[in-house]
Structures are given as C-alpha cells and as structure tokens.
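None of these values were measured; they are calculated from a predicted model.
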Amino acid sequence: MYAGTIYKDYRQIALALAALGTVSSASLAFAQTLNVQQEEDPRRVNNAARITKEVSPRDSGADDKERVQASYQPKGVELGSFILFPAIENEVLFNSNIYSTRDNVKADIVDKVMPEIKLRSRFSEHAVNFTARAEQFLYRTHDAENHLDANIMADGRYDLSRDWEANGLLSFNRSYEDRGSPDAVAGEHPTLTNTYSTRLGSKQRSGRMTYAAVLTLDRRLYGDVSTSTGTAINNSDRNRIESEGTVSASYELFPGYAAVAELSANRRRYDDRRDDLGFERSSWGYAARTGVSVDLSQLVRGDFTVGYMAQDYEDSRFTDPHGLSVRASFNWTPSKLTVVVPSLERSIQETTASQTSALVRTSAGLLVRHELERNIVLTASGKVFNDYYEGTRQSNWTYEARLRGIWALAPEYYVGAETGTRVRTSTVKSSEFTQTVMLLRLGAHL
C-alpha cells in the first residue's frame, strides 16, 4: 500500500519537474544568447570567508557546506555559459519526539536521502538559475511517517541598465506539515502541502534614491488525511491563494546609511467561502514600515524597520489583528572568519486553528557562524518566538537551539554533525512538547 503512495509521490514530482523544466529550458535558451562571463563576488576576494555572504538569519544549515574556503568547494560541470552542481546527502538522525506531543512520546531513527542539482549562470550581467532538490524520509519503526519532500525553483535577473534590474522566480514546493505546526492535524500520516510560488520584482537606483517593487503569488494546496479510526480529515477548506504587493524606497543619507520606507498590501483568499466550522477566513491586509538600512563594507549590513500592520477578515466573528510591525536583520562580521546575525520580527501569520483568525508572531533569533579552519565551519543558532492566537487568547512560546559543524574532507565530499532542541510551552497544556534531534551527515558533490 505504501509503495503505491511513494509511486504517486514521485509521479507528482516528475510532472512538476517537467513543467518547470519547460520554463527553465526557455530561460536557458534566452540566457545563452547573452555571451557574458561571471563577475567575482567582492565579498570573496583575498580569501575572505564565505560566511560573509550571510544575508538573513532564516538559516536551515543546508548551505553550511558552501561556507568553507574556495579550494574545498566543488568545481561543478561546465556547460557552456553555465555550471552544473550535482550533489547528494545522506543523514541518519535520532528524533526523541517524532509526533511533537506532550504525552505518549515516540522516538525513532530516521534515514534521510537528499539528491540535488543546481544550474548556475556565469554572467557579469543578467542571471538564470535552476535548482531541484528532493528529500526522502524513511523512519525505522514508524513507517507511516515516511514521506518525500521536493523543491524545484527557477529564478533570474535581467539588467535593463547599470542601475535598473528586473527579477523573477518560479517554484514548486512539496512538503509534509511539521507535526509541531500550530495547524497540524492528528492524522495517521502527516499532511501533504503543495505550494506553487511566483515572484516578479524590479529595482532601480537614481542618484541617492533606490526604488523597488515586488509582487508575489502563492497557491497552497493541502491533502486530506485519515485518522487511526479510519475517519477522514478534510483539509481542502485550507486551500488558498496568497498574493502580496510591496513597494519601497530608500534614500542614502551618507555612505553606508540610508533611510527606508516600505508599504505592502496582501490578499488571502480561500477556495471555500466558509471552512468546515462555518468561518469565512479570507482577508485583506497591509503593513507600513520605515527605518534605516546599514551597509558598512564587510563589518555591518542589514535593515531595521518599524511600523503598523493590520489584517481584516471577512467573518465578523473574528478579531482582526493589528498593531506594531517590526522587521530587523543585521550581519555583524567582527572578522573575516566570523559572522553574527541577530534578528527581530513581528508579523501576522495565517492559521486555520479553530476559533482563531490569525497568529500574531513575535520572534527573535541569533546565529553565529565561525570558520574554525579553512575546511571546518561551526554554527550555533538560537531562536525564541511567541504565537498569540487572535480570538482565543492562547499563547505559545517556542524555544529552539542548534549546534552543527561541517568538515570538508575534499572538494568532492564532506561530513557533518548536528544537535538541536525545541521546547514549547503554552497556555493550552496539550500543545506543549520537548523535542531533541541528533544527526550525522555525509555528502558528496562535484
């Protein structure tokens, strides 16, 4: 029975690959007519550590292998104006609480296989890239949790002039909802989520002013699951389209410092006018922020903005969340070998939790990455966030800590290890849990 499910999983991914492959082939045909060469990243001159490329604390650790010194990086396979980077990783991990539950805790060992290909253009101007990655999870004991995740993405940038660019992205993401998610349902299997994303943007510089506009469109589809009693859990009432438009402007006050302003508006529209509990979950929202942007060579880079946000739900029974909006992320590079990334954010997250209009999430994080040796990178990260359930007064606090290391033995292969802990406390005791994960990683790439 499960073999049939795996077959269907791979078949769906193959269809998505074919669709995006058509797009990427057209992109490649266009890009190869440009006949230009790659420009060196200025942050990598003089053997500067790759970790100075950090731009965001939202870090999964999947690219730590790309932070080691250049001589330990894969060379790739040259394909004209492109380079192909094939890779495969294998992880063996121990999860102390696979269902993320407070009671009846179950542990398991999970084998994880992750093939990947990256196709990168080598242009001094314009860019076209393609990435495809799959992640197969195989549980030693609880095989009902076995699942296949995949991500396929094509992105590009077109330089209209020296100071004006247009960019875009198409992606398909197939994943299974984390058992610790606020929206997770107690199904016999985890919930399948398919997300189709499109992003179109443009940025133009004129003197001390920089203008930018971005339009995003996400289509989210959720699969039904069954319970241990055989009854079905309908997730189709979660299917929706999320669209958002953002315009921003910045003014360089003096070198390294700029004043910034940003305005965004969104529409979250559900396929079903009412969900299974009779609530109308579609909504309109906006956020307006202003602040400063800092770019002091390799020392400090980042943004700090603060403003107001609001989301208006169509159902009059819902409480509409609104209030302070904050977004801050900085890269502090005290040396060429170390980067420190603090972050702070307050935003409105979509949820389908019963009686709740939205989650107001406030989060703070800190990441420290250090190049211990030319081929050894160590990373420590911590994050704490609060989810306030608008309308029910439920409040969850989640604490996460992680320590990992990557050791590149040669340009073609590397090993790694990681340990992490996640703890949730809540005003609803059944939502609490503690989870520890430990893993060993082996990877190879060309």
Side-chain angles (χ1 to χ4, degrees), residues 9-41 44 50 53 55-56 58-67 70 73-89 113-136 148-160 165-175 193-203 214-221 411-412 414 443-446:
D9 288 348
Y10 278 103
R11 183 174 180 273
Q12 290 180 9
I13 291 174
L15 292 173
L17 274 169
L20 277 179
T22 303
V23 174
S24 61
S25 297
S27 301
L28 293 178
F30 161 75
Q32 286 180 335
T33 64
L34 301 176
N35 194 27
V36 288
Q37 297 179 346
Q38 185 181 21
E39 184 180 43
E40 181 73 9
D41 187 332
R44 289 172 52 190
R50 287 174 176 259
K53 294 167 58 181
V55 295
S56 171
R58 297 181 178 87
D59 178 82
S60 66
D63 64 347
D64 269 9
K65 60 185 179 295
E66 300 175 7
R67 313 292 177 159
Q73 289 296 316
K75 308 307 177 186
V77 180
E78 294 191 9
L79 298 175
S81 298
F82 295 84
I83 299 183
L84 178 67
F85 295 96
I88 188 167
E89 285 186 344
V113 182
M114 297 160 287
E116 178 186 67
I117 58 170
K118 292 182 179 180
L119 189 64
R120 298 290 180 259
S121 60
R122 299 187 293 173
F123 307 149
S124 59
E125 56 179 4
H126 315 302
V128 175
N129 305 303
F130 177 78
T131 301
R133 180 181 177 88
E135 299 183 1
Q136 177 70 69
L148 176 67
D149 291 356
N151 178 259
I152 308 165
M153 181 177 68
D155 67 273
R157 186 194 74 248
Y158 187 83
D159 299 312
L160 299 164
E165 69 175 53
N167 54 71
L169 176 147
L170 288 173
S171 73
F172 165 75
N173 187 68
R174 169 197 174 88
S175 62
T193 303
N194 288 326
T195 304
Y196 301 83
S197 299
T198 303
R199 187 191 71 214
L200 296 173
S202 181
K203 182 169 69 175
V214 179
L215 178 64
T216 61
L217 183 67
D218 295 330
R219 173 62 166 158
R220 303 184 188 277
L221 301 172
E412 296 79 20
Y414 54 90
H445 48 195
L446 297 179

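Taking the six-membered ring where tryptophan is involved, the planes of Phe123 and Phe82 are perpendicular, since the angle between them exceeds 60° and thus also 30°.
Remark: Lys75 NZ to Glu412 CD distance equals 8.5 Å, nearest 0.5 Å. The line from NZ of Lys118 to CG of Asn129 is 10.0 Å long, rounded to the nearest 0.5 Å. Note that OG1 of Thr195 and CG of Leu221 are 7.5 Å apart. Values are rounded to the nearest 0.5 Å. Remark: Ile83 CD1 to Arg120 CZ distance equals 10.5 Å, nearest 0.5 Å. Of the inter-residue distances, the one linking Gln136 atom CD with Asp149 atom CG reads 9.0 Å to the nearest 0.5 angstrom.
Asn167 places none of its side-chain heavy atoms less than 4.5 Å from the side chain of Asp155. Put simply, the side chain of Glu116 does not reach to within 4.5 Å of the side chain of Glu89, judged on heavy atoms.
Partners of Arg157 by salt bridge (Lys or Arg N to Asp or Glu O under 4.0 Å), not counting sequence neighbours, listed by chain and number: Asp159. For Glu165, the salt bridge (Lys or Arg N to Asp or Glu O under 4.0 Å) test picks out no residue, with sequence neighbours left out. The side chain to side chain contact (heavy atoms under 4.5 Å, CB included) search around Leu84 returns Val77, Leu79, Pro86, Ile117, Leu119, not counting sequence neighbours. In this structure Asp218 satisfies the salt bridge (Lys or Arg N to Asp or Glu O under 4.0 Å) test together with Arg220, sequence neighbours excluded. Listed by chain and number, the residues in a side-chain hydrogen bond (donor to acceptor under 3.5 Å, both in side chains) with Ser202 are Trp164 (sequence neighbours excluded). Under the side-chain hydrogen bond (donor to acceptor under 3.5 Å, both in side chains) criterion, Arg219 pairs with Asp271, sequence neighbours left out.
A donor-acceptor distance shorter than 3.5 angstrom exists from the side chain of His445 to the backbone of Pro411, with no hydrogens or angles considered. Within the 3.5 Å criterion, the main-chain N or O of Ala127 finds no donor-acceptor partner in the side chain of Ser121.
For the residue pair Tyr414 and Ala444, the shortest heavy atom distance occurs at CE2-N, 4.1 Å. The two residues Leu446 and Phe85 make their nearest non-hydrogen contact at O-CD2, 3.7 Å.
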Could you walk me through whether Leu217 and Tyr196 pass side-chain contact (heavy atoms from CB on, under 4.5 Å), step by step? CA-CA 8 Å; Leu217 183 67; Tyr196 301 83; over 6 Å; no
